[in-house]
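We count residues from 1, following the sequence as given. Heavy-atom basis, side chains included; hydrogens, waters and symmetry copies ignored.
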Amino acid sequence: MASAPEYDVHAAFDVMVEMRDGVRLATDIYRPVDPETGEVVDEPLPALLDRTPYDKRSNLERHGEWFASRGYVVAIQDVRGRFESEGDFFIFVDEAEDGYDTVEWLAEQPYCDGQVGTLGTSYGAWVQSALATQDPPHLEAMFVNQGASNGWKATFRHNGAFELRWLCWAFVHGAGFGTESLADPETQAHFANVDTRDVLANGPLRRGQSPLRRAPSYEQWLFDVMTTEGDSELWDEPGLNFAAHYDASADVPTVYAGGWYDSYAKATCDAFEALNAQKESDHFLLVGPWTHGWESYPLPSWSSPHAGEVAFGDDCLLEYQQLRLRFFDHYLKGKGTWADQPTVQYWRMGGGDGHKTGTGRLFHGGEWTTAEEWPPSGTAFTSYYAHPDGTLRTERPSVAEDSEDASTTYRFDPTDPVPTLGGNCSSYSAFEQRSETLVQYPLAERETVNITGSGGYDQRTRPETFGATEPYGPVEARDDVLVFRTPPLDRPVEVAGPIRVRVYGETDAPDTDFTAMLLDEYPPSKAFPNGFALNLSDSICRARYRGYRREPDPITPGEVYAFDMEPYPTATVFETGHSIRLDVSSSNFPRYDVNRNTGELYGGRAYRVAHNTVHHSYAHPTHVELPVQPVE
């Protein structure tokens, strides 16, 4: 069992910890207090470190108090250039060295026994992996919840395209809360009145001509990650690309935790798979059916039995704090509380009867499953091929390349992109626009509006869908969305692992995008008369970055290329009577920035309509590869 609270807690606020360059970072230190004597415990204890850009005293003090009351020293720190810390904020770039310096400073304090563990979610997970690249001598364990791996491949950029969540983050979570902005009420008021929905609708941004001009350093890093080519050294920085530094990274027990609908689902699985193979220490993968972030801050989405418009049942819930405590008690205190934890534990979605819950959600169901590796042993990677008749089958198409049925062409107009409906989205938000002043309604207390939704959604537009226009209805009805589906299944198909898609495509434009989405298509029922097209995962490929290249390679209009994509991994069962469905198009907005088909990087105002062609012949068989699990 994990340890119970034994102590009262003493907090020392805004302890200024000096970094190697002289910048001081504000850190709150929580220490156990003997409840009988009222004295702070002198005995050196293991320390836990949580570094955040979101204000160390914005409910995170609950973590400090919770762990300190159970016998840990806890340090919660504002990262450089945020809230009470000094310095300039440039997203993630300084986190590797700052994290190392903080770990080693903490280990030297007389109240620490020399062991430091790290914890944190989202940005708080990024900074753990960043400092691990520097291999601090006193780092002993990490619990990385919903963090990144390679910022170029899938986080900032995604196969070359830009994930627009970071534009939203710069406006909603970023510029208004920098150390300098917090001291300037006019700047705070400026960002309170920015609606990122308008910014997205009127994009692309231009340097010096957007609301971010009031926070030049934020504008700088945003444009850097939006427009810098993949062969730049930026994408090898240890704070942005941990995968490039795995060999040198710390070898300590680590949990990589996440959710199938988390915006870091791929990175979570990639990091575990790579480091579990490379390192000697114990590594663990834990993935639930959750979305990104917090259900009720500071509790993560682990406390929610649903994701978007689908429900899974209360069995998917885990005790977040107790789980982390068991891990640290085991590896920092030797209590044996983690000995029975499986190497891989994941929620296999599906198996529900599809009824409508009391909250109006579709019941998708599922159960916890364990494995010794990822993907699970026995996985059979199986290709499902797109056929000219719109079916998706395990048989390769036999149609000849010169047949009129060898391909399908659609018109991709970048001014009318396919709208995003849920999925692996996070930070796509806007401040709720209100008339109150900052004094009446401080920026930190303002509600935000979710622009895209997160999690599983029936893929049909409705009035609240950002970017959608009438007539609202199924996304598959659009002329620029190609749909391939299996006949209704005569037996269940279980998948668990990475997803791969190869689209054989061509275009008449200098550059374009191809997108792919994997769906579980529920048949019509009494609860859902029109069926339910449940999104599972998606991806995108920018033509000039095809083949996961980092250096752009322009395409030749009219030539056929292989566009490889890796929709985020998943674990689910496609039930009898359902169809496995693959949607192919050229946009998914605002999840990704829209390619204007001209060959220009982000920021160009010119655009052109592209005529894009998807091939489904014997020679060029567009397909999705699924990690099918053995039938028991």
Side-chain angles (χ1 to χ4, degrees), residues 52-54 91-92 120-129 144-159 161-174 196 200 222 225-226 240-243 256-272 285-295 297 300-302 304 306-308 310 346-347 349 420-430 448 450-457 466 498-499 515-518 535-540 565-571 588-593:
T52 179
Y54 298 120
I91 199 163
F92 299 123
T121 291
S122 190
Y123 199 110
W126 273 85
V127 297
Q128 294 181 70
S129 296
V144 182
N145 185 43
Q146 302 181 341
S149 173
N150 181 333
W152 169 262
K153 191 173 183 180
T155 301
F156 279 121
R157 304 285 276 277
H158 188 116
N159 235 346
F162 177 60
E163 296 193 15
L164 284 164
R165 57 173 157 150
W166 297 104
L167 181 151
C168 298
W169 194 96
F171 282 101
V172 177
H173 302 291
T196 47
L200 291 167
L222 178 62
V225 297
M226 279 198 298
L240 276 75
N241 183 354
F242 317 130
Y256 289 98
W260 296 131
Y261 285 108
D262 174 33
S263 53
Y264 296 102
K266 176 175 170 53
T268 297
C269 294
D270 286 352
F272 166 78
L285 178 66
L286 175 63
V287 190
W290 311 303
T291 59
H292 184 73
W294 295 268
E295 174 69 12
Y297 196 82
S301 53
W302 295 28
S304 173
H306 53 76
V310 292
Y346 65 93
W347 182 265
M349 301 185 292
T420 300
L421 283 156
N424 298 87
C425 293
S426 67
S427 296
Y428 295 89
S429 55
T448 58
N450 191 322
I451 298 173
T452 60
S454 303
Y457 273 71
F466 179 76
I499 313 296
T515 62
M517 179 178 290
L518 177 68
N535 57 305
L536 295 171
S537 62
D538 66 74
S539 188
I540 191 169
M565 290 170 266
E566 295 181 7
Y568 285 10
T570 195
N588 184 351
F589 176 76
R591 174 143 161 69
Y592 309 108
D593 73 308

Exercise for review: Would you confirm whether the ring centroid of Tyr264 sits within less than 6.0 angstrom of the ring centroid of Tyr256?
Suggested key: no

**Asked** Do Ser122 and His292 have side-chain atoms, one donor and one acceptor, less than 3.5 Å apart?
**Response** yes

In this structure, OG of Ser263 is separated from NE2 of His158 (nearest 0.5 Å) by 12.0 Å

Correct closest heavy-atom pair for Tyr592 and Asp538 would be OH-OD1, 2.7 Å

In this structure, OG1 of Thr515 is separated from CE of Met565 (nearest 0.5 Å) by 6.5 Å

Between Asp593 (side chain only) and Phe162 (backbone N and O only), is there a donor and an acceptor less than 3.5 Å apart? yes

Distance col, row Leu536:CG vs Met349:CE, nearest 0.5 angstrom, shows 5.5 Å

Residues Val172, Thr448; criterion side chain to side chain contact (heavy atoms under 4.5 Å, CB included); working and verdict = CA-CA 8 Å; Val172 177; Thr448 58; 3.8 Å; yes

All heavy atoms of Trp347 vs all of Gly288, minimum pair found to be CB-CA, 4.0 Å

What one should report as the nearest heavy-atom pair of Gly259 and Ala265 is O-CB, 3.3 Å

| query | Hey, do the aromatic rings of Phe156 and Trp126 have their centres closer than 6.0 Å? | reply | yes

- Determine yes or no for a side-chain-to-main-chain donor-acceptor pair under 3.5 angstrom, with Asn535 supplying the side chain and Ser537 the backbone. no

So OG1 of Thr268 and CD of Gln146: to nearest 0.5 Å the spacing works out to 7.0 Å

_Donor-acceptor pair between Thr452 and Thr420 side chains, under 3.5 angstrom_ = no

Would you indicate whether the side-chain heavy atoms of Ile451 and Leu200 approach each other to under 4.5 Å?
yes

CD1 of Ile499 to OG of Ser539, rounded to nearest 0.5 Å, is 11.0 Å

For Trp290 and Trp302, take the angle between the two ring planes, folded into 0 to 90°, and tell me which bin it lands in: parallel under 30, tilted 30 to 60, perpendicular over 60. parallel

Rounded to the nearest 0.5 Å, the OH atom of Tyr346 sits from the OG1 atom of Thr570 at a distance of 10.5 Å

query = Side-chain contact, heavy-atom cut-off 4.5 Å: Cys425 with Tyr428?
reply = yes

On a heavy-atom basis, the closest approach of Ser429 and Thr196 is O-OG1, 2.6 Å

Exercise. Please state whether the rings of Tyr54 and Tyr123 are parallel, tilted or perpendicular, taking 30° and 60° as the class boundaries.
Key: perpendicular

Between Ala571 and Trp260 the two heavy atoms that sit nearest each other are CB-CZ2, 3.6 Å

Any donor-acceptor N/O pair, Arg591 side chain to Asn424 backbone, under 3.5 Å: yes

Quiz item: Do Glu566 and Lys266 sit within salt-bridge range, that is, some charged N less than 4.0 Å from a carboxylate O?
Solution: yes

ask   = Can the ring centroids of Tyr261 and Tyr568 be said to lie less than 6.0 angstrom from one another?
value = no

Does Leu222 reach the side chain of Trp169, with side-chain heavy atoms less than 4.5 Å apart?
no

Hey, does Arg157 have a side-chain heavy atom less than 4.5 Å from the side chain of Glu163? no

For this session: Compare all side-chain heavy atoms of Ser427 with those of His173 and state whether any distance is below 4.5 angstrom.
Result: yes

Looking only at atom types and distance, does a side-chain atom of Ser454 sit under 3.5 Å from a main-chain N or O of Ser426, one as donor and one as acceptor?
-> no

Heavy-atom closest pair (Pro289 atom, Ala307 atom, distance to 0.1 Å) is O-CB, 3.5 Å

